[in-house]
Amino acid sequence: MKRYKLSLFFLLYSILALNISCKKYLEEKPDKKLVVPSTIDDLRSLLNNDDVMNWADPSSGDMACDNLFLLTTTWNALYDLTAKYDYIWDDRTNHENEWADIYLRVFNANVILENADNVGGTASEVNDVKGRALFYRGYTFYQIAQHYCVPYNEATAESDLGIPLKLKSDINDKTMRATVKESYFQMISDLKQASLLLPVKVTFPTQPGKAACYGALARCYLAMADYQNAFLYADSCLQINSKLLDLNDLNPDDAAPYALFNKEVILHYKTRGGLSLTQSRGKVDSALYASYSDNDLRKTLNYKSNADGSHSFKGNYDATTGSSMFSGIATDEIFLIRAECSARLNRPAEALTDLNTLLKTRWKTGTYVNYQLHDNATVLRVILKERRMELAFRGTIRWADLRRLNKDSFSQQKIERNLTGQVYSLAPGDPKYTFLIPQNVINVTGIQQNKR
Amino acid sequence: MKYVHLYFYLTFFLILSLTTTTKGQEPNTARKVTGIIINSETELPVIGASVFLERTDNGTKSDSTGFFKIYVPENTHRINITCIGYNPSNATVSGDNTAVLKVRLQPKISGLKEIVVNVNTGYQKIPRERATGSFGFVNNEDLNVKTGSDVISRIEDMTTSVLFDKRGGTNNIQIRGLSTLDNSRSKPLIVVDKFPFQGEISDLNPNDVESITVLKDAAASSIWGVAAGNAVIVITTKKGKFNQPFKLSFNSNFTTVNKPDVFYKKQMKASDFIDVETWLFKQGYYDTDLQNTNDRPPVSPVVELLNKVRDNLISQSDAETAINKFKNADVRNDYERYLYRKGNLQQYSLELTGGAQRLNYLISLGYDKSNDLLVGNQYERITARTSASFKPMKNLDIEANIIYTQDNAKNNSIGSDLNVGGGKSIYPYAQIAGPDGSALAIPKYYRKSYVDTAGGGRLVDWNYRPLDEMKFADNKSTTRHLVFSLSGTYHIVKNVSAEISYQHENQDLNVNNNLGLNTFYTRDLINLYTSFDNDLTVHNVPVQGILDRNTNNLVNNSIRLQFGYNNNFKKSSSLTALAGGEIRQTEVNINSSRIYGYNDRILSFSDVDYSTLFPTYDNLKGNLKIPSATGISSLLNRFISLFGNAAYTYKNRYTLSASARKDASNLFGVNSNQKWVPLWSVGASWIINEEKFGFLKSLSLLRLRSSYGTSGNVDNTISALTTLSYGLFPSTITNLPYTVVQNPPNPSLRWEKVKTFNIGLDAASRNNRVSGTIELFNKAASDLIDFVPADFTTGVRDLRINSSSINTKGLDLTVNAKIIDSKFKWGTTFLFSYARSKVTKALYNQNNLTSYVGFGTNILPLEGYAPYSIVSYRFGGLDAQTGDPIGFLGGKESKDYAEITQKATKEDLVFHGSAIPLYFGAFRNDFSYANFTLLVNISYKFDYWFRHQTINYSSLYSSWDSHDDYTKRWQKPGDETKTTVPSMTYPGDYNRDKFYANSSATVLKGNNIRIKDIRIQYQFQHAVIGNSPIKSLVVYSNVSNVGIIWRANDLRLDPDYFSTLPTPVSFTIGLRASF
């Protein structure tokens, strides 16, 4: 009997001991690479994921705009339906991946914003992380708005359907569309807050600093046709960085003449790319190419000739030759924004100073003759033409410009595609300037689809 | 690793020395008595009869020739001889006897009751007649029907419920349908002796396995708790026995495997392919590639020639001559000649056993060597195993087992087919060898005309020659795997015992891929990172070899403490119970590294700059960093379990059993109290024939049993909290560590649950000529983790939560019959399994039915259908005017393929049924006459569907994926009556091709019957062996994968291999001898 008791005791003891000790035993992580965001480094590492945070700007606008044309044979041979349909503005295109990737960036930003105050770190570290997250969110909302909601129109902005403004990482948070006004208000407020938190100097151009915030704000206000504010933020941006490359220093024989992170780059972003944008497929619009004069260095630096007499773009600030276009913020764009705003605000002399400063660096040394114009309307037209030439293949910019410039008759443009006999066209103000929200998102969320 | 060796040898010697010391304890006075046991009716030797010296535990068994040896003290003694199926007998012997004793055993009429088959659950051995659960038992004889190096595959067609799903070249085991929706979690738990085997089960030598038990229902498997949701396979290894003379046995065999039929792949004829290429060339299809001066994509030799004609570089007639030569080529000839060979396998195993009164031991050695069907792949395995039991004192049993395995593999094949990279497969007229067998180049990654001239002699050779790749490849891997277990059982009092068991497992995998300067991978990398600075050639990757090394170390420690209670009361009642706890930890550490500038001859290497973005040669790939291949990861799984079970048998007839278990794991991001999950089962059985009901006279066994219980499944990859996962490499541009969101928060995460009900009836006729088992089961799996429709706006594409349920109903039937039982014997075993799984709840994409269309190779849960289902677009024939396939949209005929492939509704689709057989089994016949035995195993699979491959024009154009259905395509009005293959269109309509390839026109019934194994065995008579030391000698021959004898489809396709080459037939000869 004694032995019975002994064994019973032993059994009970071991069960008890097991229960107590196992709690700690089971706390160990199953995979060391996994973390629950708990330190400032964890949050920073999420920001360092440039694949998500910097490299996935939309490309659908680039594929739908008038920079490039495709030969019928090339279009026929395309096996990617998104590229194929975006080219002719066919709604059968599929933007699910583009949508998911860009909203993943918003999700990451929200995870950071929700955790930043609870992970320790010094005040400046927390501010930096928060500021970056706010910038990414605001900037991303801007990019989404340029593709998936109607162009900003002050008169109707309060009733026009905007984009879903995701401000929480909670996956159960219901997706709803804000108005256009709210959408722009949110991006501006995010970017302004970010500009207060972020430093002037950054380690890598993939990280936003104050200049990037100002540049992005200038873009937002330009899209809203608020030229006063656009001017102010462009100006603030150039106060921090107004360096311009002298294109005479670059070698036109290089396959990718512009260096990565060249001195004009304030913030490095790029688009996801698409098959129709590769050098071997997309041919530069003939009128665009013809608009460069022979002394204009961009003609040889940015373009290369093909055997069939057509041209391909190679002036990517990303220093690559693929289909992902640099879509970040560079000083040349900000010069052009400031110039345009000056003209819009009826200050032609100021506008021309900026334009001439920029263009002098784009031409062969000694060949550039300053624009000497006085009529404000002409100045504006010249600036828009030069903007078209300078920023032709900057990711997402041309599409955004087409959308905003189509409102004024003097800057309107109709795009046409010709595929052996079949002509497709996109008239100014066509609802197809706003892409459809992917069908699976509509199915799951029930949000309203864009007009057709 | 040093230590592993050390303690293996140490223990080995320990056991050896124990063996020799205890041998000395044998009484000097004992003499050896030899005898033979003979069936009194057939005069044939009786194998495996137990021979015991009366009132001692000194015993032995008759060997495969009926002979036995026993040590008997000088005086006269009685020996008792018992054997299953025979009446017990006895004989008188004396130590002085020198003559061979002859004992005749009378075969018994009633049989089954005497068969004490113990089923091993890994925690305890239960006599089969007391088991309430469902066990599948594969004995040693059945395991030896198949040959080969792998253990698990030997249970195929040997027991019910176990289905081997071989589609797509995999070998997934499904036991009684599916109980989880994730393919990676649907594997059964594999236990060796007492603990789950964490390493590669292929490291276990089949010759070391005594038997395999499959635990199918809850009563059988719930003792394994949360890991038992997919059933459990328990492998019992061979052990030594007490009081056994020293015995040496040897088994060896040679297998040759035929080359697979490479022409099974229905690729297009070269001439057809060239016609298509020529036509596409005229359409300007290749212009983009031909004018591409960025990444220089590969084009085929014919397109290259056509381009030269267009550029007036060669004449039309020269090109035609060259192209005509291609028209007769077929790359499959080269596959057959150069990529494949006849495979072979040599297997040797040696086993020593013996036992004294207090110690027994078993030592085995095995060596396997195989040359794979793919030229360049080789495998070699050395196994050593020792098992020893020791009774140092009256109440204590100690058992120690060591298994040590070393595998050496060479992986120098370039694969089963070729591809040129960049998303392209291979053109059918590719040639990899010249008429003299010399290595020819084919394009790889880039256009061949470009690499031929690139660099003007300043680059290393940039051509890809498949034959040279095989010649220069030097990829080796070595696995060292040690399993050490020690257990001690102490009988505290008469009915109570305590057992402590410990197992340590250590598996070390080392992969060494020496990518010499001759290999394309290395040469390509060197060239890509070459730049010219005027006359200077800058090599950022050194012009030497590359050495890639990976190590994967798995360490598993398990410890279990268990108390047992066993009491036999009066009135033939008994109570057995056990309770205990267990802790298990598996740690896996994976490291990979790369050395550049490696020279194998002098072991030199160089440092490279990993952080700079270098411009690639000619800007082929923009700016790139040198790939570093450094990787570190560390995984850890911990389990704690408490378990207990009890069974009470009343009057030897009524048994009631119950078991309970609680599991906890280090599931990430869950509060620890939520990690615990309780699981339980109950069962009952009634041996009806013990009731002496008059109407049961003709039966020797009739037993009814039933059970119900729960088990589970766990997914450690998802978490309840937002988790970030650190990237394998730092960010390309900034060189900073970065994370991705691994999983969004999911606070309601829990373990998957499986509830199983089982009812079974076992019966045997009075003379035991016919026996069988029938079982019905119902398995309800709920809380299954599965995808739910994700709102991409949340930033999450793949959302997995506990959301789905599956129900599986089924039936298992086994019938054994001795049809002829005289000098000539014919026995047959019929196995029949039915398992129908149905998704009862799922949230994913239920509204978008087109997402379920496909090949049925992935689990796509659609409510009301099998998890692996074949769903098709309804095919309405071909358009008589254009040859366009006709589909349906909203019930009406339609050719709007984009809409059909996105919005087809139920009426526009065909739901064929399950993609895995609902009915399957085997029909085995054993014939024997005198010393000859012949076994034929036929397996069958019914009620399932598969989709055959066909021509897809878009991928023919873009990826060169060709299919011979091209010749059957619609070409002119009228063809629509003869064929279902649509006309060829240009530009390729991706949706049209997708529609046809996934339409009901390409689905076939899978039903088939095939001869799996044929085995012939001859056992030499003792007279033949004579007085040689050989005690028994058996020669055998085996043919596996003999072939399909009937199939439902007319295309002569093997439904198990619709996308890969069928496993070819193999022949084995071997012999088994014991001394």
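Computed from heavy atoms alone, side chains included, the values below leave out hydrogens, waters and symmetry copies. Numbered from 1 within each chain, the chains take letters A, B, ... in sequence-line order.
Atoms CG and CG, from B/L724 and A/N115 in turn, are 8.5 Å apart once rounded to the nearest 0.5 Å. Distance check, rounded to the nearest 0.5 Å: OG1 of B/T288 to CG of A/L71 gives 7.5 Å. Note: B/N619 CG to A/K314 NZ = 9.5 Å, rounded to the nearest 0.5 Å.
The side-chain heavy atoms of B/T293 and A/K304, taken from C-beta on, include a pair separated by under 4.5 Å. In this structure, the side chains of A/D173 and B/T794 stay at 4.5 Å or more apart for every pair of heavy atoms. Here the side chains of B/Q291 and A/D308 are in contact, with some heavy-atom distance below 4.5 Å. Looking only at side-chain heavy atoms (C-beta outward), B/D287 and A/T74 stay at 4.5 Å or farther from each other. Residues A/N443 and B/N848 form no side-chain contact, since every pair of their non-hydrogen atoms from C-beta on lies 4.5 Å or further apart. A 4.5 Å side-chain heavy-atom check between B/Y986 and A/N76 finds at least one atom pair inside the cut-off. Using a 4.5 Å heavy-atom threshold, the side chains of A/D101 and B/R797 count as touching.
Per-residue heavy-atom pair counts under 4.5 Å with chain A were compared for B/D295, B/L736, B/N623, and the maximum is reached by B/L736. Of the listed residues (A/V52, A/N54, A/T320, A/L81), the one with the most heavy-atom contacts under 4.5 Å to chain B is A/L81. Of the listed residues (A/W75, A/Y103, A/F261, A/F107), the one with the most heavy-atom contacts under 4.5 Å to chain B is A/Y103.
Looking at A/K84, only its side chain comes within 4.5 Å of chain B, counting heavy atoms on both sides. Heavy atoms closer than 4.5 Å to chain B are found in the side chain of A/K283, but not in its backbone. Interface residue B/Q585: backbone and side-chain heavy atoms are both found under 4.5 Å from chain A. Contacts of A/D254 with chain B are absent, with no heavy-atom separation under 4.5 Å from either backbone or side chain. Looking at A/Q207, only its side chain comes within 4.5 Å of chain B, counting heavy atoms on both sides. Of the atoms belonging to A/L260, it is side-chain heavy atoms, and not backbone ones, that fall under 4.5 Å from chain B. For chain B, no part of A/A307 is nearby; none of its heavy atoms comes within less than 4.5 Å. With a threshold of 4.5 angstrom between heavy atoms, B/L290 does not approach chain A through any atom at all. Neither the backbone nor the side chain of A/N306 comes within contact range of chain B; no heavy atom of the residue lies under 4.5 Å from a heavy atom of that chain. Contact annotation for B/Y957: neither backbone nor side-chain heavy atoms come within less than 4.5 Å of a heavy atom of chain A. Heavy-atom distances place the side chain of B/V796, and not its backbone, under 4.5 Å from chain A. Heavy atoms closer than 4.5 Å to chain A are found in the side chain of B/L613, but not in its backbone. B/N991 touches chain A through its side chain: at least one heavy atom from C-beta onward sits under 4.5 Å away, while N, CA, C and O do not.
The minimum heavy-atom distance linking B/G284 with A/T73 is given by the pair O-CB, 3.8 Å. Contact record, B/T793 with A/V441: OG1-CG1, 3.4 Å, taken as the closest heavy-atom pair. A pairwise comparison of heavy atoms in B/N292 and A/S280 identifies ND2-OG, 3.3 Å as the closest pair. When all heavy atoms are compared, the tightest approach of B/S958 to A/Y79 is CB-CD2, 3.8 Å.
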Worked check of side-chain hydrogen bond (donor to acceptor under 3.5 Å, both in side chains) between B/N294 and A/T321: CA-CA 7 Å; B/N294 296 321; A/T321 50; 4.6 Å; no
Full working for side chain to side chain contact (heavy atoms under 4.5 Å, CB included) between A/L104 and B/F792: CA-CA 8 Å; A/L104 175 57; B/F792 283 14; over 6 Å; no
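Checked against side-chain hydrogen bond (donor to acceptor under 3.5 Å, both in side chains), B/R296 has the following partners two or more places apart in sequence or in another chain: B/D618.
Other residues, nucleotides and ligands place no more than 12 heavy atoms under 6.0 Å from the CD1 atom of B/I632. With a 6.0 Å radius and a threshold of 12 heavy atoms from other residues, nucleotides or ligands, B/Y990 has its OH atom at or below the threshold.
Without hydrogens or angle criteria, B/S731 side chain to A/N49 main chain gives no donor-acceptor distance under 3.5 Å. A donor-acceptor distance shorter than 3.5 angstrom exists from the side chain of A/N48 to the backbone of B/P737, with no hydrogens or angles considered.
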